[in-house]
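Below: one structure, written as structure tokens.
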Protein chains: 2
Amino acid sequence: MHSISEENYIKAIYHLQGGKALVSTNEIAGRMNTKASSVTDMLKKLADKNLAEYVPYKGARLTDKGVLCANQIIRKHRLWEVFLVEKLDFSWDEVHEVAEQLEHIQSQKLIDQIDKHLGFPKKDPHGDPIPDRHGNYEKTNKTVLSKLKKGDKGTLIGLIDSSKNFLKYLDKQHMKLGTHIEIVDFEEFDLSYTIKVNGAELQISKLISDNLYIKLN
Amino acid sequence: MHSISEENYIKAIYHLQGGKALVSTNEIAGRMNTKASSVTDMLKKLADKNLAEYVPYKGARLTDKGVLCANQIIRKHRLWEVFLVEKLDFSWDEVHEVAEQLEHIQSQKLIDQIDKHLGFPKKDPHGDPIPDRHGNYEKTNKTVLSKLKKGDKGTLIGLIDSSKNFLKYLDKQHMKLGTHIEIVDFEEFDLSYTIKVNGAELQISKLISDNLYIKLN
DNA sequence: CTAAATTTTTAGACAAGACTAAAAATTAAT
DNA sequence: ATTAATTTTTAGTCTTGTCTAAAAATTTAG
Ligand SMILES: [Mn+2]
Ligand SMILES: [Mn+2]
Ligand SMILES: [Mn+2]
Ligand SMILES: [Mn+2]
């Protein structure tokens, strides 16, 4: 149906979109490690296929068709990540690269069977929601740790940055999804936190606190 | 390492090679549904990469490096086929197309873990051997059914043609790998056989008998 | 052994996707 | 409101892999 390149652009636009009206050419180029001129070419192609609206010099936004397509790719990506962790003993910092390849395999039956085989998981190994066949997914109430105050308690349920280095940092601190966390102290000067994790106290920088999603008790 | 296109050419040459010294341009083009001119271009590229020897106007043969590469692709293809049948309830006539895509996924860990997950199978769903990481595989003693004489008995252990239509024919006749078969009669006129399968007698044409591998008792 | 048929290669073109350099449009700064 | 800086697009090139048509080599037939 769509080339791997087209799928990667669709995914990039989807992830950059957020609340924004239009995603700029440069933002897309930055995320995809390509040049702006390549993006312009592709945006025209996606617009021709009715996958994106393209406003020259302003940027692009996915159409409903494009959003559905993005959700199907993300569904595949996240289901494969669960598969790799649950069935093949991959760690959560190893799955992304392989899922980047597997997400482009074309077979409706394959992905539906993987879903069933895994027991219809709702979250991937990084806490991100898995869309269903129609692009719908559960929205969970969650708060970024850096919004919490002394005394707040909760559970780690997701990450903003899921880069390999961050995942390895979390492993080193024995923090994983489901880990209970309590805010012991907050330092105004550098915006760092002291938190209690697994019964021990831990200092985390602002950067760390900005990338952890907590579900409050 | 190698592009998907290169991998597909390598696989085609490998399968056409057999005992032959050289595989011709046209044979490759025929198997891959491309034109001879495209094959010529690719053979030069494979020769440059030391994956094949190319003798202009004569044909090509894989180098040791090319053979190893072919075996690794075939290993992946067949392991994925086993996975689809054993873990995801695919039937043996549905797996090939999906495996054609999955065989190009690049991840040593992925394929080794799949292998382990499946219990290191030695045969794929069509009875074909699965090479190990080094390209070695078990050779089984087997006879084409059309070589058998009245009274011979054995077990169906492999297929020459594994096309969807042939697999569906076998399903219809309740024949699968491991099915016991006995030669009841042979008709000289049209070279057809009467065989006993699952306690019942069945007429099979020469074409059928030419595509079944039997292990004699 | 020569002529015809077949196979293979070459030459030139095209599509997808990427890049560089230059031009045009937009945005920011005086 | 101009000018300067930034962003985006256009124009032209490259690579990979494909194709058609024509030329060259090989094989088959008479
Ligand atoms: Mn991922
Ligand atoms: Mn993920
Ligand atoms: Mn197959
Ligand atoms: Mn097979």
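Naming convention: chains lettered A, B, ... in sequence-line order (proteins, then strands); numbering from 1 in each chain. Just so you know, these numbers use all the heavy atoms, side chains as well, and skip hydrogens, waters and symmetry mates.
Proximity note for A/Ala36 (side chain, C-beta onward) versus D/dT26, D/dT9, C/dC19: the nearest is D/dT9. Comparing atom distances between the B/Lys58 side chain and each of D/dT20, D/dT26, C/dT20 picks out D/dT26 as nearest. Minimum atom distance to the side chain of A/Tyr54 is reached by D/dT8, of the listed D/dT8, C/dT10, C/dT8.
Of all the heavy atoms in A/Thr63 and A/Glu53, the pair that sits closest is CG2-N, 4.0 Å.
Among the atoms of the strands shown, base atoms are found under 4.0 Å from some heavy atom of B/Ser37. Across all strands shown, B/Ser5 has heavy atoms under 4.0 Å from sugar-phosphate atoms exclusively, and none from any base.
Between B/Ser163 and B/Asn165, the side chains place no donor N or O within less than 3.5 Å of an acceptor N or O (distance only, hydrogens not considered).
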Any chance you could lay out the side chain to side chain donor-acceptor pair (under 3.5 Å) test for B/Asp190 and B/Ser192, step after step, and finish with the verdict? CA-CA 5 Å; B/Asp190 65 354; B/Ser192 72; 2.8 Å; yes
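OP1 or OP2 of D/dT8 has not a single side-chain nitrogen or oxygen of A/Lys35 nearer than 4.0 Å.
Straight-line distance from the CD atom of A/Glu6 to the C1' atom of C/dA16: 9 Å, rounded to whole Å. The separation between B/Leu46 atom CG and D/dT16 atom P is 13 Å, rounded to whole Å.
When B/Asp132, B/Asp115, B/Asp124 are each tested for a salt bridge (charged side-chain N to carboxylate O under 4.0 Å, His left out) with B/Arg75, only one passes: B/Asp115.
No donor-acceptor contact under 3.5 Å links the side chain of B/Thr40 to the base of C/dT10.
Of the two residues contacting DNA chain C, namely A/Asn33 and A/Tyr57, the nearest-nucleotide position lying further toward the 5' end is that of A/Asn33.
You'll find the side chain of B/Leu207 stays beyond 4.5 Å of the side chain of B/Phe166, heavy atoms only.
Aromatic ring centroids of B/Tyr54 and B/Tyr9 lie 6.0 Å or more apart.
Contact check of residues 7-29 of chain B against DNA chain C (heavy atom, cut-off under 4.0 Å) returns B/Ser24, B/Thr25, B/Asn26.
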